[in-house]
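Report on the structure given below.
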Amino acid sequence: MDKITTAAEAVKAVKDGDTLLVGGFLMAGSPETLIKALLETSSAKNLTVVSNDTGTVDSNMIKVMKQGRVKKVHGSYIGSNPMTGQMLIDDADSVTLYPQGTLAEKIRCGGAGIAGFYTPVGVGTVIENGKEKRTFDGKDYLLEKALRGNVAFVKATVADKFGNCFMRGSTKNFGALMARAADYVIAEAKKIVEVGELDAELVTIPGIFIDALVQSEDV
Amino acid sequence: MDKITTAAEAVKAVKDGDTLLVGGFLMAGSPETLIKALLETSSAKNLTVVSNDTGTVDSNMIKVMKQGRVKKVHGSYIGSNPMTGQMLIDDADSVTLYPQGTLAEKIRCGGAGIAGFYTPVGVGTVIENGKEKRTFDGKDYLLEKALRGNVAFVKATVADKFGNCFMRGSTKNFGALMARAADYVIAEAKKIVEVGELDAELVTIPGIFIDALVQSEDV
Amino acid sequence: MDAKNFIAKRVARELKDGDVVNLGIGLPTLIANYVPEGVSITLQAEHGILGAGPAAKEGEEDPEIINAGGFPITVLPGASFFDSATSFGIIRGGHVDVTVLGALQVDEKGNLANWMVPGKRVPGMGGAMDLVVGARKVIVAMEHTAKGSHKILDTCTFPLTAVGVVNQIITEMGVMEITEDGIKLTEIAQGLTVEDVQSATGAKLIIADNLAVMES
Amino acid sequence: MDAKNFIAKRVARELKDGDVVNLGIGLPTLIANYVPEGVSITLQAEHGILGAGPAAKEGEEDPEIINAGGFPITVLPGASFFDSATSFGIIRGGHVDVTVLGALQVDEKGNLANWMVPGKRVPGMGGAMDLVVGARKVIVAMEHTAKGSHKILDTCTFPLTAVGVVNQIITEMGVMEITEDGIKLTEIAQGLTVEDVQSATGAKLIIADNLAVMES
């Protein structure tokens, strides 16, 4: 199974109406090569984008949004992307905000076959609207449900040809979770090495999760 | 804060009636130096032991059990320790068995501030007795609650003096989770190095979780 | 070739290139020896390994790299290690393509009983419940009967490991698929009649129109 | 020393040796500059770092090692990195000893509002809700008023970040503890009267018997 392909080829997996999980925390671990290919070579629209922050003014995601192809966002901090802020102003239902740890855990559950979990975060705030509140040992918790995507874009520092990904430093953030929670997962890597060259102890995402592997333009 | 101490000193943290989380999968990652100290230097009794398997006939835990100091076990596979099997025969309530992934996730939740989670594992089996069953998207799930301990014993391959632990190969198993889910955490390490000598990318358990660090007799 | 190896070799032919596979203790471990050429699979060990390899050679055992049975193994290039919560996230999340395990009983609804015999010492379920619920395909690989007594039944009588999870049963007598209508015999071992298999089975078999001879 | 640095230096004296600390963006980041000698703390960055160090020097920025504000930082010996689910497990699980952040409003029940102003552009809560619920001690560090208008209130009017989580408020005017009975002023800045602080505060202050002079 040769997973290595071009960004343009890989992003063909994104279809109209898909939910797209996009790794990264601001620019750290942001799969810009893949988002750029989505911008330039794909016409997929009516996308739901799940991203911690939907990037910054310097990211390619804001350009995809300017093309009107993103109909919904699930995120946590959107102050760095004014397009997402504008979406929320124009249509309150188009942007769903979660506490950052809740968003991370929802995606982890999506990848781990867990339907939902009880978190104390958000109790007594607008976050609890529409959610089940329940008391365990005298403390209140909210039920949060798992989140999954059709396609995930993630970025690795080093990947081997099997798809094992090492995400260095603070680039692990959401990508490491999203790669487990989508039907089709595309990784871009700054460096691609032979199988066996990446230390088994440094694998952030096992290769079994990666469907397509692309050389990042960020080298 | 000097965390380095002797096994005998460290296990004084275990008190009568405590719930003790014990890392390891069979002998891999089993903190035998600490359990041996519990056996030989501590008189703490009425213990509840949380362990995947409670070790094997070669482990020190079976000797602690023979001293009659373990009143309850939470585990998953106990075929390797005949004492635990005997406990279950003598008193069905003294041993609680969980699917292995459920046990792991319960402990993870205990460390991560999550009160409970919905898993499909165990539906339609004896595991569902007494548990809430609930349907999400047409599939049945059981509510499983978090599990925590008073003290955890874990074993690392290498630890730095701050307590950062690297657990090599298949020794991560339960110890990596238990170190986050107890009030007091003792790690034994095959090798103890200076702070800065352990690669930040190889840290299985951050040092903030470790209260006491002991040189393992397994070197 | 003995019955166990015959079964293991036949199961191996079910594996597809790229599959992530978890093999239970006992007979299923033999399957790794028979993976067809051109098929590359990744073996998962449920306590925290992807890319498990053969048993370690004598004198080269590494106590930190063991299989789910506790025995020292090797890992292949491209392997990775992780904790048990991550590992069962992989399993429960549907990322294991095939799990192969033995059974005490399996029934025509796909129910599986393989973790305890009432009245006997209980070893615990370990990872079996997670594996059969999580894996995309569940194959039961076992000898057809327990010294003549039926293991393939219309209804399991032992405590269940999981409900409605088994997709396929492979024994020394044949290959069976669990269908909505019941257990369908799709392959039969050389020299056996349908009646031979039926009489060794505690559920009414549906016989496939294109019943084939089972080859290992 | 300006008000922000005065506040930051006073907050730093609340930190104990061995504390795991998360510092919010803005004023709280200054606190790292004032940690007393003999006190060793571990800084957590909520997207996945323990052991965060000072900002990277110009020309030495590493885009893979950033703080929660997106700026390149360094890490100290003994640091570690992890994904965001693990990181918020650390936070939610009570393993952060102290979090320090600013507030739009904070009230005498310990309620905190610091993530949105009704009618203004909403930046999202990021990790703030998780941090204040999960951390063992929550310190609000801010200027006492917003250009004269009250931020310390009997009841927050902006959407809450969390309910009943704030333990302490430190401003340029004083140090306040949230108690069951209300906000207790325990230290007051040199040259101010209790009336000065009270008039800048939208909740009735309880004055500590042993009210001390606030030193930075």
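Letters A, B, ... are given to chains in the order of the sequence lines, protein chains preceding strands, and every chain is numbered from 1.
- Neither the backbone nor the side chain of Ser40(C) comes within contact range of chain A; no heavy atoms are under 4.5 Å apart.
- Checking side-chain atoms of His95(C) against main-chain N and O of Arg180(A) turns up a donor-acceptor pair under 3.5 Å.
- For CG of Asp137(A), the number of neighbouring non-hydrogen atoms (other residues, nucleotides, ligands) closer than 6.0 Å is 12 at most.
- Residue Lys45(A) places its NZ atom among 12 or fewer non-hydrogen atoms of other residues, nucleotides or ligands, all under 6.0 Å distant.
- The number of heavy atoms from other shown groups lying within 6.0 Å of NZ (Lys36(A)) does not exceed 12.
- Atom CG of Asp199(A) and atom CZ of Phe81(C) lie 9.0 Å apart (nearest 0.5 Å).
- Of all the heavy atoms in Gly196(A) and Pro77(C), the pair that sits closest is CA-CB, 4.0 Å.
- Using a 4.5 Å cut-off on side-chain heavy atoms (C-beta onward), Val203(A) and Leu50(C) make no contact.
- Enclosure of atom CZ in Arg134(A) by more than 12 non-hydrogen atoms of other residues, nucleotides or ligands within 6.0 angstrom is indicated.
- Atom CD1 of Ile41(C) sits about 12.5 Å away from atom CD1 of Ile208(A), to the nearest 0.5 Å.
- Crowding of Phe136(A) atom CZ: a count of heavy atoms from other residues, nucleotides or ligands under 6.0 Å exceeding 12.
- Smallest separation of non-hydrogen atoms from Phe162(A) and Gly78(C): CD2-O, 4.1 Å.
- Note on Gly134(C), Gly94(C), Gly93(C): by heavy-atom pairs under 4.5 Å with chain A, the leading option is Gly93(C).
- More than 12 non-hydrogen atoms from other residues, nucleotides or ligands lie less than 6.0 angstrom from CD of Glu132(A).
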